[in-house]
Amino acid sequence: MKLHPRHAWDVSPAEAVALQKRLAGEVVADRPIDLRTVRLVAGVDVSVKQNRSHAAIVVSTYPDFRVVETVTAERPTPFPYIPGLLSFREGPVLEEALEQLRSGPDVFLFDGMGTAHPRRIGIACHMGLWLERPTIGCGKTRLVGRNDPLPEEKGAHVPLVDRGETIGAVVRTRTGTHPLFVSPGHLADIPSAVALVLACTPKFRLPEPIRQAHKAAGAFG
DNA sequence: GCGACAG
DNA sequence: ATCTTGTCGC
């Protein structure tokens, strides 16, 4: 599908931070997603094997999760893992995979943060600018922010707060398991991001689209 | 200076 | 993330 790149990926860590500070102002993270209009949901994931990065995007129907399209891409891993700069490591291979999409997903679920990021521009926000479509960040562990105790029951969620700002939510997608860190990417907001993630998690801890993408990217775990 | 730190 | 077997718990 058509992408809208804002800059080249071949930059230094210092330049990457400068780019994030500029791009953060373009992210729209206060717009509800109308779940009644969602028909197709994409799961996005990247796995790294030696020096190669493998990306997979799996598009499924919503809310029954029948796979309708899978695209993959493979490239040399271009950037080290630096907390806060994940986009610059996974962005290039994701760009190559996203270009191949022919179905038009209504929303994209990313394995990583959205606004729950030091500069409020995690990978879901960043790629959301490339896509100009709704995106949601769904991380398995915390990058930044603090939260009050979370009830053990599936569906429970509490605000994730950083420097006095609510940047996302900690969500229990399954009773008695570690929670997910959910935040809006681009063209989404916190309540609808939480609602969609829960609606995409009928059985396991991770949303169905992300599980599918994780498999297609060739990861184990 | 010290601790924290998505994937 | 990845390297890796069996094992504890719902």
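Note that the structure is a prediction, hence the values are computed from the model and not measured. Proteins come first, then strands; the chains are lettered A, B, ... in the order of their sequence lines, and each starts at number 1. Every heavy atom of this structure was used, including side-chain atoms; hydrogens, water molecules and symmetry mates were not.
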(Q) Within residues 88-96 of chain A, which residues have any heavy atom lying less than 4.0 Å from an atom of DNA chain B? (A) A/R89, A/E90

(Q) Strictly distance-based, threshold 3.5 Å: is any side-chain N or O of A/T175 a donor or acceptor partner for the main-chain N or O of A/K154? (A) yes

Q: List the steps, then state whether side-chain contact (heavy atoms from CB on, under 4.5 Å) holds for A/T72 with A/H54.
A: CA-CA 7 Å; A/T72 61; A/H54 299 252; over 6 Å; no

Q | Closest approach of A/I190 to A/G168 (non-hydrogen atoms, all atoms of both residues) | A | CD1-N, 3.6 Å

Q. How long is the span from the CZ atom in A/R205 to the NZ atom in A/K140, to the nearest 0.5 Å?
A. 7.5 Å

Q: Give the stems involving DNA chain B, where a stem is 3 or more consecutive Watson-Crick or G-U wobble pairs (i with j, i+1 with j-1, and so on) under 3.5 Å.
A: none

Show me the donor-acceptor pairs, under 3.5 Å and distance only, between side chains in residues 180-187 of chain A and residues at least two apart or in other chains.
from: A/S183; atom 1: OG; to: A/G114; atom 2: N; distance (Å): 2.8
from: A/S183; atom 1: OG; to: A/T115; atom 2: N; distance (Å): 3.3
from: A/S183; atom 1: OG; to: A/A116; atom 2: N; distance (Å): 3.4
from: A/H186; atom 1: ND1; to: A/V28; atom 2: N; distance (Å): 3.0

Q | side-chain hydrogen bond (donor to acceptor under 3.5 Å, both in side chains) contacts in which one or both residues fall within residues 191-204 of chain A, not counting sequence neighbours | A | A/D189-A/S192

Q.
Looking at A/R6 and A/L129, would you say the former's side chain and the latter's main chain have a donor-acceptor pair under 3.5 Å?
A. yes

Q.
So, applying side chain to side chain contact (heavy atoms under 4.5 Å, CB included) with A/V41, which one of A/L109, A/T61, A/V59 is it?
A. A/L109

(Q) Could you work out, with ring pair (Phe, Tyr, Trp, His ring centres under 6.0 Å) as the rule, every residue matching A/H7, not counting sequence neighbours? (A) A/W9, A/F88, A/H126, A/W130

(Q) For residues 28-47 of chain A, which residue pairs pass the salt bridge (charged side-chain N to carboxylate O under 4.0 Å, His left out) check, not counting sequence neighbours? (A) A/D34-A/R36

Q. A/E96 side chain to A/P92 main-chain N or O, any donor-acceptor pair under 3.5 Å?
A. no

Q) Between residues 158-191 of chain A and DNA chain B, which residues have a heavy-atom gap below 4.0 Å? A) none

Q: Any chance you could lay out the side-chain contact (heavy atoms from CB on, under 4.5 Å) test for A/H214 and A/L206, step after step, and finish with the verdict?
A: CA-CA 10 Å; A/H214 206 267; A/L206 295 178; 5.6 Å; no

Q: Answer yes when A/R172 and A/E153 have at least one side-chain N-carboxylate O distance shorter than 4.0 Å, and no when they do not.
A: no

Q. Who else is in A/V58's hydrophobic cluster (ILVMFWY, side-chain heavy atoms under 4.5 Å, direct or via others)?
A. A/V67

Q | side-chain N/O A/H214 vs C/dA1 OP1/OP2, d < 4.0 Å | A | yes

Please tabulate the protein-to-nucleotide N/O contacts below 3.5 Å involving nucleotides 3-6 of chain B, giving atom names and distances.
from: B/dA6; atom 1: OP2; to: A/Y81; atom 2: OH; distance (Å): 2.6
from: B/dA6; atom 1: N7; to: A/G84; atom 2: N; distance (Å): 3.1
from: B/dA6; atom 1: N6; to: A/G84; atom 2: O; distance (Å): 3.1
from: B/dA6; atom 1: N6; to: A/L85; atom 2: N; distance (Å): 3.4
from: B/dA6; atom 1: N6; to: A/L86; atom 2: N; distance (Å): 3.1
from: B/dA6; atom 1: N1; to: A/I123; atom 2: N; distance (Å): 3.2
from: B/dA6; atom 1: N3; to: A/M113; atom 2: N; distance (Å): 3.0

What are the atom names and distances for every N/O pair under 3.5 Å that joins the protein to nucleotides 8-10 of chain C?
none

Q) What's in the same ILVMFWY side-chain cluster as A/V161, cut-off under 4.5 Å, chained through other members? A) none

**Q.** Ranges pairing with ranges for DNA chain C, where each run has three or more Watson-Crick or G-U pairs under 3.5 Å
**A.** none

